[in-house]
Amino acid sequence: MSSTWIIILIGMIGGNFLLNVAPVGFYVEAVVIINLLILALAFFAFRRDPFIDMRANMLFMIGLTVINIMTELGMMSTTLSWVAFGALFIWSMMGGGRSRSEER
């Protein structure tokens, strides 16, 4: 596993901790802001690594962010979020989102 993904995983763990200590009155705002900050962290981490396909990894992170926000806000059940994550993961492993220049 590259150090880029380790940085992102540490950011996700830190974001989860911040969501657990967020006040109830600002929970919706905290969910959206923290998830967007993690997405920004992923963007800058991917941009720094020259060996990562930026487009495919950002599409995966955007999908993960949307699933997480919808689950945290109660718009999606936990079971459905696991199904959505599985579909996103399979889509990513099958080549979804890869740049056209890599297919040749």
Of all the heavy-atom pairs spanning F85 and L64, show the shortest one and how long it is. CD1-CD1, 3.6 Å
Any I7 side-chain heavy atom under 4.5 Å of R48 side chain: yes
Residue set satisfying side-chain contact (heavy atoms from CB on, under 4.5 Å) with T78, at least two apart, ordered chain then number -> S81, W82
Knowing that exactly one of L73, L80, T79 qualifies, which makes a side-chain contact (heavy atoms from CB on, under 4.5 Å) with M76? L80
From CG (L18) to CD1 (I33), nearest 0.5 Å: 11.5 Å
CZ on F46 to CZ on F51, rounded to 0.5 Å: 15.5 Å
Measuring from L19:CG to N16:CG, what's the distance to the nearest 0.5 Å? 6.5 Å
Is L41 reachable from L37 through a run of hydrophobic residues whose side-chain heavy atoms are each under 4.5 Å from the next? no
So, using side-chain contact (heavy atoms from CB on, under 4.5 Å) as the criterion, who are the partners of M94 when residues are at least two apart? I90
Quick check: is I13 connected to L36 through a chain of hydrophobic side chains (ILVMFWY, heavy atoms under 4.5 Å apart)? no
My understanding is that only residues two or more places apart in sequence, or in another chain, count here; which of them pass ring-ring contact (aromatic ring centres under 6.0 Å, His included) with F60? none
Mind checking what makes side-chain contact (heavy atoms from CB on, under 4.5 Å) contact with N35, not counting sequence neighbours? V31, T65, N68, I69
Going by side-chain hydrogen bond (donor to acceptor under 3.5 Å, both in side chains), name the residues that satisfy it together with D49, two or more places apart in sequence or in a different chain. T4
Atom pair CZ (F43) and CG (N57), whose distance is rounded to the nearest 0.5 Å: 12.5 Å
Partner residues of F17 under the side-chain contact (heavy atoms from CB on, under 4.5 Å) criterion, sequence neighbours left out: V21
Rounded to the nearest 0.5 Å, the CG atom of L9 sits from the CD1 atom of I38 at a distance of 10.5 Å
Nearest heavy-atom neighbours spanning A42 and M58: C-SD, 4.3 Å
Heavy atoms, side chains only, cut-off 4.5 Å: are I8 and M61 in contact? yes
